[in-house]
*Asks:* 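Just dropping this structure here.
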Amino acid sequence: GSGYDAWLGAPPASGDARRQALDRMAFLHAPEEAAPIRAALAELRAAAIALTGREPRPEPAPEGGRGIVLGTPAGCPEAAAAWDGLPDDPAGESYRLVERGGIVVVAGSGPAGVLYGAFHLRRLLRSGAPLGGLDVAERPANALRMINQWDNADGSVERGYAGRSIFYRDGEFVRDRTRIRDYARLLASAGINALAINNVNVHARETRFIGEEDLPSVAAVADILRGWGIRLYLSVNFAAPVEGGGLDTADPLDEEVRSWWREAADRVYRYVPDFGGFLVKADSEFRPGPFTYGRDHADGANMLADALAPHGGRVVWRCFVYDCRQDWRDRVTDRARAAYDHFMPLDGRFRDNVFLQVKNGPMDFQVREPVSPLIGAMPRTNLLVEFQIAQEYTGQQRHLCYLVPQWKEALDFDTQRKGEGSTVKRIASGELHGRPAGGLAAVSNIGDDANWTGHLLAQANLYGFGRLAWQPELSAEAIAREWAELTLGDRPQAADAVCGMLLRSWSIYESYTAPLGVGWMVKPHHHYGPDVDGYEYSMWGTYHFADRDGIGVDRSSASGTGYAAQYGEPVARLYESPETTPDELLLFFHHVPYTHRLRSGKTVIQHIYDSRFEGAERAQGLLEDWESLRGHVPEPAFSETLERFRHQAEHAREWRDVINTYFRRKSGMPDERGRTIY
Ligand code: BDP
């Protein structure tokens, strides 16, 4: 009842699922020894025991009985037969599930594929879906499906809302790695295959992770992850050669610096032979980078790429680069422009093992942003699109905000960079521009809270990210349903209701916090709760420009920052004019009078009032929906979650009142429906 098992809780031993398992799981056979295959076998074995109460035999037995065989074409004849005719998959991650003559074969193109196939089969077994005639083949849409931990060695988690780190405590790696293993299992079951285990802001302590002293601990974590088909990545400090490294420069073109990094890479690979690579945040928010030496991001990334290349490693280089000390009076310096301005001119200069990691929007994980114009603008560069599962700006896992619909919208967005159908998902995967690889990355939302994510329902975001990274064609609803059924499965009423709540939650959160694309009306630093002018007169480049006449940021080319033009035609044209900009992004692109009529027919000021009133009411509705599930969700999960919904409903009213009062006073305009606004 704590939520620790998340979506991998033991299947209920009842009904169709039990009957089918009794009939089909007399034996479980896997002839190969690779760790992910042993893990796959253990998953199905545990499911069989939970469903049937008995232990399946390890081999087919003469007395008959139907069973399951797992393996790869290389070491398992049944898998080889099942794979016949399917395309090669050098990554070894694809799989086919097929039933033949009563035997279900889980055939993976490699060990990880077997594991993914086993998790798929586990979902089917759990739901009791009939396996007769089963034949499904899957292959991940994205080669890289990555999670970034923002964990610090001191045990804190940057933007963590679910307790402390499960990786570190008091400056050291944890000794008991049970939770790391359980986390890896959850990630693998959702399809994740890469994990950066430390914060992109690398402090002095973590700078030493690539040194002899810490590498045995790093290797121990990598060993666990490997068993689940996950590669370990480390965030590194660009100034490491200087900060404790014994050199007096970190200039990427300096020969000494280059060999310093080559040695560092060699050292890491001695401990972790399948090390994924380095993740780097450079020249951003006070982090060091190549600019210090008059070099650019390509110089910086390529230096690290050259150090890693002999080992097959990758550099993931973040594009979240902007000047965080800008002057708010200078409307020409638009933070939204920064990623594109910095990186677009460098297209074609990055090595093949460099991946640029671009946040989904141009600012910073607000509840609503347009898609970053950099996505699709660099056809000669590998890309990872970055999302934030951690709900920094979307309620910090105290409010419910199911983000899969937001990510879907971004992935489905048509950049039209190469004609119609140039969607973000096709660019991310590398397919559109014929890149060798690509994918999605996201900031994790877990910590050492008993249920991993603080809010039980925030688990759906972690699960959903993995599922989308595997297959972006899945719908937000299908993912919500899958998660709810797996997590609350033997309680169909709860799964139904929760699915509905998840699907409404993003729009609810947006409506009482920051509709029309305005963003940033949050308390500075910790980013929780309403603060009307908290960021308005600071240096971070995050403004709404509300005055007595109107609101919004003019990013048009005619009269504003020119950001809209970064999209290229025909998308740019759409955003250049307030008449064609979609309502939900109006204030992101345009400064308009409060009396401006939205495409919906409402004035902006009336929309500001209405959406806060409606949002607060709908948040109260979420609370009532959850209350109605008493008895259908186990304790303590039910009560803990109830507390969060209570807080959300109350906090939504605070949002409503603070924001509405501010605009009532700024604009001097009454609510046309006469509701009380102070
Ligand atoms: C912002 C966070 C900050 C991160 C930064 C990043 O507020 O803590 O370090 O993003 O992505 O959203 O690097």
Side-chain angles (χ1 to χ4, degrees), residues 146-154 156-162 165 196-207 233-239 278-289 291 297 300-301 315-326 335-336 338-339 342-343 355-369 372 374-375 383-397 401 403 406-407 410 440-447 461 465 513-514 519-529 531 534-535 538-543:
M146 186 178 203
I147 296 279
N148 295 175
Q149 296 301 133
W150 281 1
D151 295 35
N152 302 312
D154 66 6
S156 62
V157 178
E158 176 146 347
R159 311 306 177 185
Y161 311 107
S165 172
I197 61 166
N198 61 309
N199 189 0
V200 290
N201 297 318
V202 184
H203 313 105
R205 175 64 190 90
E206 301 95 44
T207 299
Y233 286 67
L234 288 174
S235 297
V236 293
N237 177 348
F238 193 82
F278 295 146
L279 170 62
V280 191
K281 170 176 179 177
D283 285 317
S284 173
E285 297 183 334
F286 314 108
R287 301 317 303 154
F291 286 170
H297 288 274
V315 174
V316 179
W317 190 273
R318 297 179 82 232
C319 296
F320 183 64
V321 175
Y322 69 99
D323 177 6
C324 63
R325 277 169 291 195
Q326 63 191 44
R335 171 166 161 184
H342 280 299
F343 285 92
F355 290 71
L356 293 190
Q357 182 165 307
V358 181
K359 287 192 183 184
N360 62 289
M363 295 297 280
D364 192 9
F365 299 136
Q366 300 302 290
V367 69
R368 175 83 64 170
E369 289 186 37
S372 166
L374 191 57
I375 299 173
L383 171 75
L384 292 182
V385 174
E386 178 178 343
F387 295 112
Q388 195 183 38
I389 310 174
Q391 291 172 238
E392 177 177 357
Y393 293 97
T394 50
Q396 306 201 346
Q397 289 147 239
C401 192
L403 290 165
Q406 187 204 54
W407 304 334
L440 307 184
V443 182
S444 175
N445 66 346
I446 68 109
N461 285 329
F465 171 75
T513 58
W520 300 108
M521 298 185 76
V522 289
K523 294 214 168 76
H525 312 303
H526 61 70
H527 303 159
Y528 193 69
D531 190 331
Y535 274 113
S538 67
M539 61 186 189
W540 293 93
T542 47
Y543 316 117

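Residue numbers count from 1 along this sequence. We count ligands from 1, going down the list as the structure has it; atoms in each ligand are counted the same way.
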*Asks:* Tell me the protein heavy atom at minimum distance from atom 8 (O) of ligand 1, and give that distance in Å.
*Replies:* Glu158 OE2, 2.3 Å
*Asks:* Suppose we measure from atom 7 (O) of ligand 1 to each protein heavy atom; which comes out shortest, and what is that distance?
*Replies:* Glu392 OE2, 2.5 Å
*Asks:* Under 4.0 Å, heavy atoms only, figure out whether ligand 1 is touched by the backbone of Asn201, its side chain, both or neither.
*Replies:* side chain
*Asks:* Does ligand 1 come near enough to Arg318 that some N or O of the ligand is less than 3.5 Å from an N or O of the residue?
*Replies:* yes
*Asks:* So does Gly541 get a backbone contact from the side chain of Tyr543, meaning a donor-acceptor N/O pair under 3.5 Å?
*Replies:* yes
*Asks:* Could you go through Asn152 and Glu158, starting from their C-alpha distance and side-chain angles, then the distance that decides it, and tell me whether this counts as side chain to side chain donor-acceptor pair (under 3.5 Å)?
*Replies:* CA-CA 7 Å; Asn152 302 312; Glu158 176 146 347; 4.9 Å; no
*Asks:* What atoms of ligand 1 come closer than 4.0 angstrom to any heavy atom of Phe320?
*Replies:* 5 (C), 6 (C), 10 (O), 11 (O), 13 (O)
*Asks:* Just wondering, are more than 12 heavy atoms of other shown residues or ligands nearer than 6.0 Å to NE2 in His526?
*Replies:* yes
*Asks:* Any luck finding a side-chain donor-acceptor pair between Asn198 and Asp151 under 3.5 Å?
*Replies:* no
*Asks:* Evaluate the salt bridge (charged side-chain N to carboxylate O under 4.0 Å, His left out) criterion for residues Lys359 and Asp364: first the C-alpha distance (whole Å), next the side-chain angles of each, then the deciding distance (0.1 Å), finally the verdict.
*Replies:* CA-CA 7 Å; Lys359 287 192 183 184; Asp364 192 9; 2.7 Å; yes
*Asks:* Could you tell me if Glu392 and Gln396 have a donor-acceptor pair between their side chains, going purely by distance under 3.5 Å?
*Replies:* no
*Asks:* Determine, stepwise, if the pair Val385 / Ile375 fulfils side chain to side chain contact (heavy atoms under 4.5 Å, CB included).
*Replies:* CA-CA 8 Å; Val385 174; Ile375 299 173; 4.0 Å; yes
*Asks:* Only heavy atoms of Trp150, strictly under 4.0 Å: list the atoms of ligand 1 that pass.
*Replies:* 4 (C), 5 (C), 6 (C), 10 (O), 11 (O)
*Asks:* Considering only non-hydrogen protein atoms, determine which one is nearest to atom 10 (O) of ligand 1 and report residue, atom name and distance to 0.1 Å.
*Replies:* Lys359 NZ, 3.1 Å
*Asks:* Taking 4.0 angstrom as the limit and counting only heavy atoms of Arg159, give me the atoms of ligand 1 inside it, by number and element.
*Replies:* 2 (C), 3 (C), 7 (O), 8 (O)
*Asks:* For atom 1 (C) of ligand 1, which protein heavy atom lies nearest, and how many Å away is it?
*Replies:* Asp364 OD2, 3.0 Å
*Asks:* In the protein, which heavy atom is nearest to atom 13 (O) of ligand 1, and how far is it?
*Replies:* Lys281 NZ, 2.6 Å
